[in-house]
Amino acid sequence: MSDDDLSFLAGALPAPLRQDRIVSIVDGAPGLVRTAALAASLGTSEVTVRQDLAVLDQEARIRRVRGGAVRLGVASTERPFEETAVEHQVAKAAIGRAAAELVRPGQCVVLDVGTTPAAVAEALVARTELTGVTVVTNSLTTALALERAVPRFTVIVTGGTLRPLQHSLVAPFNGAVLPMIAADVVFLGGTGLDVDHGLTNVNLPETEAKRMLAAVARRTVVVADGSKFGRAHIGVVRALEDIDVVVTAGTTADAVGPIRAAGVQVVVADGSDTVGRDQTP
């Protein structure tokens, strides 16, 4: 029986066979498989798929995340956008608002991939008095969020190869647009921030894209919640001496102290760093 025949008949399959098919689809995917896509492939409802995913996650056959599922092992290296989006939401929203306050009308802004830069995008859209801003991004999620601000904003997408896990655009071809950009500020995210390595990331293609984004801006602002401090991962995005400002929230004085001691301005958006605070934009 062909895959097409199996897909057509999947809706009538007993639950164990249907769940085996889900595991096969998820294991063969490069990243997140959405619930709607599984339902379409199996010829069943999204409610049934969600029930199957709950069982499979409990049995440790797949990893259920917001919006769908990923294969086991994905979270040990890089986690899907939908999974990290639900973590540290209050801190990320505070970071987004504080970072957006650094933007002035008429500026060119570069927004990185990730859930915290996405919070910056939402905060920029909420600033209804902000006009004439050009935003360059390699994130499809961010570009769609910014669409609501057009024509106040001009939104430019870098182009490149799509990475489904983060909905990001990376090499090749994203380097065709960026050399033509002279931006005022770039907002960078990452998975780690420490004194020895600066801003780091778990994924090398994403790291390369972040470095290219940073290279076109006169000012580098890192947006990272407190969980990123003191961590270092494989890809070095930006050394501390090349970072102008760190905007954070949900952190402690002990965590941000070494970064400040290295000469980097730290803006604590929610006041959680109660000792030696430096919140001047």
Requested in this report: Tell me, please, which residues at least two apart from Asp244 pass salt bridge (charged side-chain N to carboxylate O under 4.0 Å, His left out).
Outcome: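 Not a single residue meets the salt bridge (charged side-chain N to carboxylate O under 4.0 Å, His left out) criterion with Asp244.
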
**Report entry** salt bridge (charged side-chain N to carboxylate O under 4.0 Å, His left out) partners of Glu147, counting only residues at least two apart
**Finding:**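 Expected list: none.
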
Query - Whether over 12 other heavy atoms sit under 6.0 Å from Ile234 CD1 - result: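 For Ile234, atom CD1 is not crowded (no more than 12 foreign heavy atoms under 6.0 Å).
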
Please tabulate, one pair per line, all N/O donor-acceptor pairs under 3.5 Å involving side-chain atoms of residues 183-194, not counting sequence neighbours.
| from | atom 1 | to | atom 2 | distance (Å) |
| --- | --- | --- | --- | --- |
| Asp184 | OD1 | Arg218 | NH2 | 2.6 |
| Asp184 | OD2 | Cys108 | N | 2.8 |
| Thr191 | OG1 | Val202 | N | 3.1 |
| Thr191 | OG1 | His233 | ND1 | 2.8 |
| Asp194 | OD1 | His197 | N | 2.9 |
| Asp194 | OD1 | His197 | ND1 | 3.4 |
| Asp194 | OD2 | His197 | ND1 | 3.2 |

Closest non-hydrogen atom pair, [X] against [Y]:
X: Lys210; Y: Val113; answer: NZ-O, 3.7 Å
X: Val155; Y: Leu146; answer: CG2-CB, 3.7 Å
X: Ala269; Y: Ala98; answer: CB-CB, 3.7 Å
X: Leu240; Y: Val264; answer: O-CG2, 3.6 Å
X: Thr251; Y: Ala255; answer: OG1-CB, 3.4 Å
X: Ala249; Y: Ala94; answer: CB-CB, 4.3 Å

Would you check if the side chain of [X] reaches a backbone N or O of [Y] as a donor-acceptor pair within less than 3.5 Å?
X: Arg152; Y: Arg127; value: yes
X: Gln107; Y: Arg104; value: yes
X: Thr48; Y: Thr44; value: no

Is the shortest side-chain heavy-atom distance between [X] and [Y] below 4.5 Å?
X: Val236; Y: Asn201; answer: no
X: Val133; Y: Val109; answer: yes
X: Leu38; Y: Leu53; answer: yes
X: Thr137; Y: Thr158; answer: no
X: Gln166; Y: Ser139; answer: no
X: Leu213; Y: Asn138; answer: yes
X: Arg64; Y: Leu56; answer: no

Report task. Using the side chain to side chain contact (heavy atoms under 4.5 Å, CB included) rule, pick out the option among Val195, Ile259, Thr252 that qualifies with Phe229. Result ->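 Checked Val195, Ile259, Thr252 against Phe229; only one passes side chain to side chain contact (heavy atoms under 4.5 Å, CB included): Ile259.
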
Nearest-0.5 Å distance, [atom1] of residue [X] to [atom2] of residue [Y]:
X: Leu17; Y: Ile22; atom1: CG; atom2: CD1; result: 11.5 Å
X: Leu130; Y: Glu101; atom1: CG; atom2: CD; result: 9.0 Å
X: Asp52; Y: Arg61; atom1: CG; atom2: CZ; result: 10.0 Å
X: Leu140; Y: Leu169; atom1: CG; atom2: CG; result: 4.5 Å
X: Thr142; Y: Leu111; atom1: OG1; atom2: CG; result: 6.0 Å
X: Gln89; Y: Thr116; atom1: CD; atom2: OG1; result: 11.0 Å

Please determine whether residues [X] and [Y] belong to a single hydrophobic cluster, defined as Ile, Leu, Val, Met, Phe, Trp and Tyr linked transitively by side-chain heavy-atom distances below 4.5 Å.
X: Val157; Y: Val135; value: no
X: Ile243; Y: Val216; value: yes
X: Ile181; Y: Val237; value: yes
X: Val23; Y: Ile25; value: yes
X: Val256; Y: Leu199; value: yes

Requested in this report: Would you list the pairs meeting salt bridge (charged side-chain N to carboxylate O under 4.0 Å, His left out) in which at least one residue belongs to residues 223-242, sequence neighbours left out?
Outcome: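 The answer is Asp225-Lys228.
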
Query raised in the report: Of all residues at least two apart in sequence or in a different chain, which pass the side chain to side chain donor-acceptor pair (under 3.5 Å) check with Arg211?
Result: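 By the side chain to side chain donor-acceptor pair (under 3.5 Å) rule, Arg211 matches no residue at all.
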
Report task. Return yes if a side-chain donor-acceptor contact under 3.5 Å exists between Ser168 and Glu206, otherwise no. Result ->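 Per modelled atom types, Ser168 and Glu206 side chains form a pair under 3.5 Å.
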
Check residues 118-125 and write down every donor-acceptor pair under 3.5 Å in which the side-chain atom is one partner and the other belongs to a residue at least two apart or another chain.
| from | atom 1 | to | atom 2 | distance (Å) |
| --- | --- | --- | --- | --- |
| Glu122 | OE1 | Arg148 | NH2 | 2.8 |

